[in-house]
Amino acid sequence: MKQIIQISGFLALKEIWRNRSRFLLVSLVIALITLLVLFIAALGEGLGNGNREYISKLDAELITYQSKSDFLIAASRLSKDRLAAIRRVDGVADVGMLGTANATLILPGDVEPLKVALLGVQPGHTGEPAVVQGQQLGTDLSDEVIIDKNTALRSDLQIGENLTIRVTQGTKDEFYTLRIVGISDGQQYSLQPSVFVPFYAWDRIKPKSEAEINSSNPVANVILVKLIDPEAIEEVSANIAAQVNNVETATLKEAIQALPGYSAQQSTLNLQGGFTLFIGVLVIGGFFQIQILQKVAQIGVLKAIGTANPIIAMASILQIVVVTMVGVAIGGFMTFLFSLSFPPTVPIVFNGTTTAVAIIALLMIGPLSGLVSTRYAVRIEPLKALGLS
Amino acid sequence: MMNTYALETENVTKTYQSESGVINAVDEVSLQVKPGEFVALVGPSGSGKTTMLSILAALLKPTSGKVILDGQDLAAMNEKDRVAMRRNKIGFTFQANNLVPYLSAVENVELMLRLNGRLDKTGKIRSRELLARLGLAERLHNLPGQMSGGQQQRVAIARAMIHNPSLVLADEPTASLDTERAYQVVETFAGLIHEQNRAGIMVTHDLRMCEYVDRVFQMRDGKLVQIYSTKSEIMELVKGRHD
Ligand SMILES: Nc1ncnc2c1ncn2[C@@H]1O[C@H](COP(=O)(O)OP(=O)(O)O)[C@@H](O)[C@H]1O
Ligand SMILES: [Mg+2]
């Protein structure tokens with residue numbers, strides 16, 4: 001075995017080195033494919049993250065929706081009595097109301113207004129993000145906000161400063177001024193940076209239709225549920241279904257899949273990534289197949305002078321692996337250089353796992369596409385060396 | 001009894017099925033070659049020379065008959081054992097595309113030792129010495145593409161002999177060379193075979209090349225029809241016809 005690797009390694013590397021410009025060209029094609037695949041993966045991660053970030057970081061296991069809301073947060077309405085009912089269910093540690101809305105931040109100076117997700121959460125309860133700087137929200141009624149890192153980055157607002165929110169209520173634009181007490185890590189929701197306000201303040205400032213303005217009963221979209229035992233998801237969600245009327249529960253994973261456009265977007269990007277990999281398989285496979293066809297006589301000679309088939313096969317695979325690895329390395333480095341020049345507002349996130357999966361997939365396309373040519377190489381008759389069939 | 005032959009065949013036959021019926025490409029050929037003996041295989045086109053050489057080279061299994069090399073029957077071996085025989089008991093030169101194009105002259109020669117797991121310091125020195133002996137001292141690190149046809153043939157000869165094989169086979173070694181180079185190559189080849197005591201077989205179209213061989217086997221229609229064994233018989237053949 002050791003000898004097989006030694007000899008095949010010698011042959012494979014010598015051939016690459018003596019034809020390095022040709023092999024480098026193939027590696028560069030692989031590098032470009034790598035660049036494309038990694039960017040598609042990063043875009044998928046960035047867009048997906050922009051959609052789900054707040055939900056995926058929740059310190060809760062279940063989300064309770066109004067029944068028949070199809071797990072659409074914006075379409076769900078739950079009043080305060082549901083909150084009390086859910087809190088009483090066995091296994092529930094904490095509950096928190098969540099209200100979602102869109103709003104616009106009016107920024108000082110000539111800066112463009114910033115569209116944000118206006119999220120109403122209950123101070124001290126699940127749903128309120130932990131601050132990385134400053135303080136948590138005070139009371140349910142206070143005029144305080146926590147802004148997420150993305151809002152802070154794009155608005156340049158600091159802790160202690162006031163922030164002005166513009167919302168449309170009925171037919172009028174209303175302006176509210178709130179004081180920033182804390183900044184959380186990234187908590188995007190619905191592809192927007194987030195602003196967290198105490199729930200009752202949210203209820204007061206959220207955009208309302210003419211009809212809603214006069215109704216005084218505060219209504220949340222969904223209720224977040226934190227469990228005593230995070231493992232007991234199924235049990236508790238069955239309890240909620242049995243004990244609370246007109247609600248349905250989803251795990252965070254289900255809730256994320258149900259976010260508007262989320263699944264469609266992710267599957268589109270996955271398809272694009274997969275397709276790019278497939279093109280890679282065809283390109284590399286095509287190159288090595290053509291190369292093998294040109295090498296029939298020379299492989300015939302190698303076999304005729306007693307080179308065993310495992311050496312021929314191993315040399316062919318090694319060559320493909322080396323060319324692919326060099327290509328992926330160059331492509332990875334190019335991706336890294338490109339990513340440095342991207343502003344933070346571009347939804348491109350190089351997540352370790354996603355990138356690793358993409359790189360493994362890229363490294364696999366070489367050997368995969370080389371199967372045909374390797375098989376062909378093994379089947380070449382040594383008689384070819386004598387110019388016979 | 002002691003086996004005095006390096007190579008011995010017994011009624012070797014190779015049959016091909018074709019549209020026009022059965023062809024005996026090689027028909028009941030029995031021959032013997034001693035160590036240190038250089039023989040030529042001649043005959044008109046289609047007479048079975050290449051087929052016979054392929055069988056002797058353990059590249060092709062005969063339909064029937066025996067091919068005894070160093071006491072072992074190649075015809076009875078499986079593919080794996082035949083590959084091993086080709087690697088350590090047989091040396092080859094081919095008509096064209098002889099060398100591995102991405103290996104230098106010395107790397108091509110060393111490859112034979114490498115394949116046998118025998119490439120050590122002595123092996124490297126011997127490879128260089130053998131190439132120098134063949135007039136290629138200045139060409140050790142040239143790629144085949146940078147050498148002339150005659151130089152490539154000489155590298156191929158070095159490769160065919162470096163691992164001390166019992167049998168050295170050459171298929172039309174002079175086909176792509178001009179007359180002067182052709183004589184040179186065959187003369188060196190013959191010299192090495194005699195000196196190192198190998199059994200050498202050369203297939204050739206060019207009867208003039210038989211000047212350097214010890215015996216000539218003539219084939220026709222797959223059969224071994226004539227053996228020229230004495231110097232005078234051979235010289236008559238060399239001078240008689242040029243085909
Ligand atoms: N693979 C094959 N299939 C069918 N017929 C073959 C095959 N190889 C050789 N032959 C036939 O066997 C005969 C001998 O061929 P060959 O050994 O090539 O002769 P030479 O080398 O003396 O020209 C020819 O008639 C040729 O057509
Ligand atoms: Mg022939």
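Fair warning: this is a prediction, and the values are worked out from it, not measured in the lab. Chain letters run A, B, ... following the sequence lines, proteins first and then strands; every chain starts at 1.
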> So, do B/Leu111 and A/Leu302 sit near enough that their side-chain heavy atoms are less than 4.5 Å apart?
yes

> Assess whether atom CG of B/Asn116 is packed by more than 12 heavy atoms of other residues, nucleotides or ligands within 6.0 Å.
yes

> For B/Val100, which atoms come within 4.5 Å of any heavy atom of chain A: side chain, backbone, both, or neither?
side chain

> Between B/Asn88, B/Ile90, B/Leu103, which shows the greatest number of heavy-atom pairs under 4.5 Å with chain A?
B/Leu103

> Who in residues 10-40 of chain A is close to chain B, using a strict under-4.5 Å heavy-atom cut-off?
A/Phe10, A/Leu11, A/Lys14, A/Glu15, A/Arg18, A/Asn19

> CG of A/Leu383 to CG of B/Leu59: how many Å apart, nearest 0.5 Å?
5.5 Å

> For a 4.5 angstrom cut-off between non-hydrogen side-chain atoms, does A/Val301 reach B/Asn98?
no

> Which atoms of B/Glu107 are under 4.5 Å from chain A, going by heavy atoms: the side chain, the backbone, both sets, or neither?
side chain

> Relative to chain A, which segment of B/Met85 carries a heavy atom at a distance below 4.5 Å: side chain, backbone, both, or neither?
neither

> Kindly check if the number of other-residue, nucleotide or ligand heavy atoms within 6.0 Å of NZ (A/Lys149) is above 12?
no

> Sort B/Arg82 into side chain, backbone, both or neither according to what part of it lies under 4.5 angstrom from a heavy atom of chain A.
neither

> Considering residues, nucleotides and ligands other than B/Lys223, do more than 12 of their heavy atoms fall under 6.0 Å from its NZ?
no

> Report, as yes or no, whether the 6.0 Å neighbourhood of atom CD on B/Glu138 holds more than 12 heavy atoms from other residues, nucleotides or ligands.
no

> With a sphere of 6.0 Å drawn around CZ of A/Phe342, does it hold more than 12 non-hydrogen atoms of other residues, nucleotides or ligands?
yes

> To the nearest 0.5 Å, what is the distance between CD1 on A/Ile305 and CG on B/Asn108?
7.5 Å

> Please give me the minimum heavy-atom distance between B/Phe94 and A/Ala304, naming the atom from each residue.
CZ-CB, 3.6 Å

